[in-house]
Colleague: 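Dumping the structure here so I can ask a few things about it.
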Amino acid sequence: IGKFIALDFARRGARVILACRSESRGKAALNEIQQITGNQDIHLRIVDVSSMDSVRAFAKRILEEEKVLHILVNNAAVSGLPKQMTKDGFEASFATNHLGPFLLTNLLLDLIKRSAPARIVTVSSVNHKRGKVDFTHFHGQNLVYQMDQVYNHTKLHNIICTNELARRLQGTGRLEKWIIVG
């Protein structure tokens with residue numbers, strides 16, 4: 001989904017920053033997007049959203065390099081991972097699907113507000129309806145690793161936090177929120 005979103009933005013002439021975990025896959029996507037669209041204003045930045053240090057470093061670089069940020073698309077997601085913990089002490093799926101994007105959004109929020117009109121797009125899933133809120137999940141407790149159960153919980157958190165952010169920004173005239181459920 002992320003590559004096709006970036007491709008659409010590039011076709012519209014936007015400056016696009018690809019936030020990718022894999023440098024080789026990111027370079028391939030960058031080259032493909034430039035070739036298809038002719039837009040050379042496509043840039044690759046490496047970030048592992050499961051690592052809060054990586055998210056902070058990525059956000060710091062964006063804040064140093066970019067004067068405006070009109071659209072932030074939170075699209076990173078994993079599903080079906082075995083139980084594993086990040087070095088930050090978070091369950092890997094929660095760190096990747098929810099905590100990293102949540103932190104990134106909050107670190108970039110002032111830049112996004114100054115860039116109005118602006119949008120924050122959170123890609124979620126209809127599976128959020130099968131999720132539940134249990135904050136012990138963040139640390140890998142009380143989770144059942146069958147089918148998409150962990151994924152479903154993370155997507156519910158995406159929906160709840162995006163809706164709350166929209167509520168807090170309501171009436172400011174600065175931001176609109178989009179939640180893409182796909």
Side-chain angles (χ1 to χ4, degrees), residues 1-6 17-29 44-63 69 71-112 119-169 175 177-182:
I1 293 172
K3 184 169 83 173
F4 290 103
I5 291 169
I17 299 169
L18 301 174
C20 300
R21 183 180 55 201
S22 165
E23 187 169 5
S24 61
R25 290 176 58 196
K27 282 182 181 178
L44 176 63
R45 301 291 181 266
I46 302 303
V47 61
D48 176 356
V49 293
S50 74
S51 164
M52 301 308 112
D53 287 341
S54 181
V55 170
R56 284 185 184 91
F58 174 83
K60 182 178 186 281
R61 184 171 179 189
I62 295 298
L63 293 170
L69 180 58
I71 302 176
L72 172 64
V73 179
N74 289 315
N75 178 60
V78 294
S79 179
L81 292 180
K83 183 175 182 174
Q84 60 187 53
M85 302 299 288
T86 68
K87 71 175 188 155
D88 299 303
F90 298 119
E91 195 281 331
S93 295
F94 270 91
T96 303
N97 296 3
H98 179 64
L99 299 173
F102 177 85
L103 176 61
L104 180 62
T105 298
N106 282 280
L107 292 172
L108 297 178
L109 191 57
D110 287 339
L111 175 60
I112 295 167
R119 308 270 188 287
I120 298 169
V121 179
T122 301
V123 179
S124 190
S125 169
V126 72
N127 283 7
H128 78 277
K129 293 178 181 180
R130 296 187 197 127
K132 68 179 184 176
V133 174
D134 180 341
F135 293 108
T136 66
H137 290 168
F138 287 9
H139 298 287
Q141 300 166 1
N142 302 312
L143 284 169
V144 176
Y145 288 85
Q146 293 176 347
M147 299 295 289
D148 286 336
Q149 287 187 6
V150 175
Y151 176 83
N152 300 344
H153 303 321
T154 67
K155 294 293 129 179
L156 176 59
H157 283 271
N158 290 157
I159 297 286
I160 291 169
C161 288
T162 300
N163 283 332
E164 177 58 19
L165 179 60
R167 187 193 67 76
R168 290 179 184 200
L169 296 170
L175 288 171
K177 60 115 181 178
W178 293 356
I179 299 175
I180 298 175
V181 179

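The structure displayed is predicted, hence computed values, not measured ones.
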Colleague: So which heavy atom on Ser50 is nearest to which on Asp88, and how close?
Modeller: O-OD2, 3.8 Å

Colleague: Before you tell me yes or no, could you show the steps for Ser22 and Ser24 under side-chain contact (heavy atoms from CB on, under 4.5 Å), namely the whole-Å CA-CA distance, both residues' side-chain angles and the distance that decides it to 0.1 Å?
Modeller: CA-CA 6 Å; Ser22 165; Ser24 61; 3.3 Å; yes

Colleague: Tell me whether the centres of the aromatic rings in Phe94 and His157 are closer together than 6.0 Å.
Modeller: yes

Colleague: Establish, from distance only, whether the side-chain atoms of Ser79 and Asp148 form a donor-acceptor pair under 3.5 Å.
Modeller: yes

Colleague: Step by step, would you call Ile17 with Leu69 a side-chain contact (heavy atoms from CB on, under 4.5 Å)?
Modeller: CA-CA 10 Å; Ile17 299 169; Leu69 180 58; 5.8 Å; no

Colleague: Are any of the side-chain heavy atoms of Leu109 and Leu165 separated by less than 4.5 Å?
Modeller: yes

Colleague: Considering all heavy atoms of both residues, which atom of Leu108 and which atom of Ile62 are nearest to each other, and what is their separation?
Modeller: CD2-CG2, 3.9 Å

Colleague: Between Asn158 and Asn74, is the side-chain contact (heavy atoms from CB on, under 4.5 Å) condition met? List the steps.
Modeller: CA-CA 10 Å; Asn158 290 157; Asn74 289 315; over 6 Å; no

Colleague: Taking all atoms of both residues into account, what is the closest heavy-atom pair of Ile46 and Phe58, and its distance?
Modeller: O-CD1, 4.1 Å

Colleague: Given side chains that start at C-beta, do those of Val121 and Ile71 come closer than 4.5 Å, heavy atoms only?
Modeller: yes

Colleague: One pair to check against side-chain contact (heavy atoms from CB on, under 4.5 Å): Leu72 and Thr105. What are the steps and the verdict?
Modeller: CA-CA 8 Å; Leu72 172 64; Thr105 298; 3.6 Å; yes

Colleague: What pairs meet the salt bridge (charged side-chain N to carboxylate O under 4.0 Å, His left out) rule with one or both residues in residues 158-167, with sequence neighbours excluded?
Modeller: Glu164-Arg167, Glu164-Arg168

Colleague: Calculate, to the nearest 0.5 Å, the distance between atoms NZ and CD belonging to Lys132 and Gln149 respectively.
Modeller: 8.5 Å

Colleague: Examine the side chains of Asn152 and Lys155 and answer whether a donor and an acceptor come within less than 3.5 Å of each other.
Modeller: no

Colleague: Do the non-hydrogen side-chain atoms of Leu104 and Val47 ever get within less than 4.5 Å of each other?
Modeller: no

Colleague: Flag the pair Arg56 / Leu107 as yes when at least one side-chain heavy-atom distance between them is below 4.5 Å, and no otherwise.
Modeller: yes

Colleague: Nearest heavy-atom pair of Ala92 and Thr86: which atoms, and what distance?
Modeller: CA-CG2, 3.9 Å

Colleague: Just so I know, are the side chains of Asn163 and Ile159 near enough to count as touching, which here means a heavy-atom distance under 4.5 Å?
Modeller: yes

Colleague: Return yes if some donor-acceptor pair links the side-chain N/O of Asn97 with the main-chain N/O of Tyr151 below 3.5 Å, else return no.
Modeller: no

Colleague: List the atom of Leu44, the atom of Glu23, and the distance in Å for their closest heavy-atom pair.
Modeller: CD2-O, 3.8 Å

Colleague: Ala29 and Lys3: which non-hydrogen atoms are nearest, and at how many Å?
Modeller: CB-CD, 4.0 Å

Colleague: Report, as yes or no, whether the 6.0 Å neighbourhood of atom CZ on Arg25 holds more than 12 heavy atoms from other residues, nucleotides or ligands.
Modeller: no

